[in-house]
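The structure under discussion appears below in the form of structure tokens.
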2 protein chains.
Amino acid sequence: MNLKQFSKLLGLSPTTVSRALGGYPEVKEETRRRVRDAARQHGYSPNRRAASLATGRAMAIGHVIPTALNHEMVNPIFADFIAGAGEVYARAGYDMLLSVVPDGDEERAYRQMADAGSVDGLIVHGPRDDDPRIALLRETGLPFVVHGRAAVEQTDYSFIDIDNARAFQRATDLLLDLGHRRIAFLNGLEGMDFARRRRTGFERALTGRSLVPLPDLMSSTEMTEHQGHANAARMLARADAPTAFLVSSLIMAIGVRRAIEDRGLRMGRDVSVVIHDDMLSYLMNGEDVPIFTGTRSSVRAAGRRCAEVLLAQIGAERAPPVQDVWECDLVLGGSTGPAPLSERRS
Amino acid sequence: MNLKQFSKLLGLSPTTVSRALGGYPEVKEETRRRVRDAARQHGYSPNRRAASLATGRAMAIGHVIPTALNHEMVNPIFADFIAGAGEVYARAGYDMLLSVVPDGDEERAYRQMADAGSVDGLIVHGPRDDDPRIALLRETGLPFVVHGRAAVEQTDYSFIDIDNARAFQRATDLLLDLGHRRIAFLNGLEGMDFARRRRTGFERALTGRSLVPLPDLMSSTEMTEHQGHANAARMLARADAPTAFLVSSLIMAIGVRRAIEDRGLRMGRDVSVVIHDDMLSYLMNGEDVPIFTGTRSSVRAAGRRCAEVLLAQIGAERAPPVQDVWECDLVLGGSTGPAPLSERRS
DNA sequence: TGAAATGATCAAAGCGGTTTGGAAAAATGC
DNA sequence: GCATTTTTCCAAACCGCTTTGATCATTTCA
């Protein structure tokens, strides 16, 4: 059923019907009601593509999901991020266009979405240090919002990020306050901007107390359960095993916990663990008392906010960029305790 | 840059340019090359919406992601499923349209995508018993493929599913063979078709050995770590605690393991656990020897297959429905062992 | 009562492509 | 060399909607 047929059915012109449904004031209320009812009854809905073509607005937002560097991994935070953003799009009548691409092809995917005019704006996921996508998008003129941020030229684009450096500095300080000195740090892949900032925070806390970061107790990998287990196991097997772990994700920390228990140790008593928690819906960090002590920030809320900012940006061209840097809560759970007494002197 | 401008630039007609890029044989190879090069150089790409409108094909597939029943949960398997499907779409030049909707509004979302003509086909996620969406989609005439299946009238639609009943029967048989008699079953939400089938398999194995399922040792919840922990903890606290758990998801089993270890017991020795593993990329079940014994089937592969079947269905109208039921591997890991001797008699 | 203002509806021109039915140019056959 | 076929290109008609500018009907005001 198209507009022409539908309007003939009603004995009205296409113009009037279109305006009635569009909510324009030029049409009598009674007529509008009649049109609305008929539309519902006959299942008429304006063809999206035709409407887009006519208005020049795609009414869609693009997300490019990279499948991570080597392995074919999809970052598990996407599900929640997208759920958050999706809520906002749905309310505003926007579609969400997803493009899943191998990790190198992202630029091509962005450019193609832009050139083909299939979206009105884009969300950039997982920015790297000095990410080339930002320059590219700026060039296309399409509004975009970055989840996270890139290191360079933060002046002229919108982003929503957490204060990774500060969060990890505070987390490290907590462990130091508890007397831990040999603190291992299991981070995400270097090259990702967030991982670099987190390392900065970790190192800043250590040097703040005249300690030096030990390369042997730092790793930088994909944040899987497996990597958490493998790296923690390796470190715990050392003569100078760490007494605490700072871990970049909850999933990774589950592997760390497994490694701890494999050695017959108990998390929170023998070995402390502090994490960053993205508050994923299917991996709640305990109910009352959190399982893991950690910094936390809802990635779903970030998705919502990114979407809101982007839609605002699309609505009001030439709006100044929005740059949110969210503070994380640091919440105490059951995974931390004082360093064993024998360690305190060091 | 639009077609008219671009073709003027080349001194050709829009027709010829469109055909050159579309790969039609009516245009000289040399001309085609010239057009292609110029397109790349000037960043010309046919407007997607206009092309769709003209051809009548949206070149997009719709996915409706429900945020689960009560809590605002997004099923974590979506990330991997979508990654699989996305690969196939990308290769075929299709877009993926995502709609995230609260759990009741799914029907409306499907109908709207269909009426507005924004997609050429749909994937149905998480079918329930007797799912109304299937009748609805059949009515719209839009091709669709179900991931999983609904209980009724399986004759005339395409689906990709695993043999849940058989997988869970085999898993239960394994535990029975190991001497376990008090086997707890932590399932997904009843109402979901897969959960019903899994329960059927579980019960069939028990009754096959003249045992009766104990309602106190069965739960049916969202498959989160938290639910796994809470239910396992409750059951383990009973006088007649189970010696084994059959668990519907790896994430849930992580909670079960935590509950086991909270009681000072050891998984695989004191308590056995068998899971179903969707082989999510960020939650690999160990590397060499799996952590958890379990049935398994790649949800990413299912995503790929669903997409392939759907595209084929779109290409060849009136093709017979494809109905794949995949057998799961049952892989031994470290989470299972013989029932404690004291239990064997029962 | 007639002119002006207001309200309700409509015809037609896009939006940016694809595709049909030719026409012009080049190649082929006799 | 001319008729015929093949190749290469093009003009114009759509696809289904929105929106501008105009028309017709009704109301208001002097």
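Every heavy atom of this structure was used, including side-chain atoms; hydrogens, water molecules and symmetry mates were not. We name chains A, B, ... by the order of the sequence lines, and we start the count at 1 in each one.
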Could you state the NZ-C1' distance from Lys4(A) to dC15(D), rounded to the nearest angstrom? 10 Å
Sub-4.0 Å heavy-atom contacts from residues 35-57 of chain B onto DNA chain D, ordered by number: Leu53(B), Ala54(B)
Report the residues that fulfil side-chain hydrogen bond (donor to acceptor under 3.5 Å, both in side chains) with Arg91(A), sequence neighbours left out, ordered by chain and then residue number. none
Is any side-chain heavy atom of Leu122(A) less than 4.5 Å from a side-chain heavy atom of Ile61(A)? no
Return the value, rounded to whole Å, for the distance between atom NZ of Lys8(A) and atom C1' of dG16(D). 14 Å
Whole-Å distance between dA8(C) C1' and Lys28(A) NZ? 7 Å
Taking the six-membered ring for Trp, are Phe78(B) and His63(B) closer than 6.0 Å centroid to centroid? no
note: Arg32(A), atom CZ; dG7(C), atom C1'; distance rounded to Å ~ 13 Å
Using a cut-off of less than 4.0 Å, is there contact between a side-chain N or O of Ser13(B) and OP1 or OP2 of dC9(D)? no
Provide, to the nearest angstrom, the distance between the CD atom belonging to Glu26(B) and the P atom belonging to dT18(C). 13 Å
Roughly, in whole Å, what's the span from CD in Glu30(B) to C1' in dA26(C)? 15 Å
Glu29(A) bridged to Arg32(A) by N-O distance under 4.0 Å: yes
Out of curiosity, Leu10(A) CG to His42(A) NE2, how far, rounded to the nearest 0.5 Å? 7.5 Å
Leu3(A) has an atom CG; how far is it from atom C1' of dA11(C), in whole Å? 13 Å
Look at all strands and tell whether Tyr24(B) reaches a base, only sugar-phosphate, or nothing, counting heavy atoms closer than 4.0 Å. sugar-phosphate
Under 4.0 Å protein heavy-atom contact, by nucleotide of nucleotides 21-28 of chain D - B base, S sugar-phosphate only: B-------
So does Asp95(B) pair up with Arg48(B), basic N to acidic O under 4.0 Å? yes
Are the aromatic rings of Phe159(A) and His147(A) close, with centres under 6.0 Å apart? no
To the nearest 0.5 Å, how far apart are CD1 in Ile65(A) and CG in Leu98(A)? 4.5 Å
Could you state the atom-to-atom distance from CG of Asn2(A) to P of dT18(D) in whole Å? 12 Å
Below 4.0 angstrom, N of the basic side chain to O of the carboxylate: do Asp156(B) and Arg138(B) qualify? yes
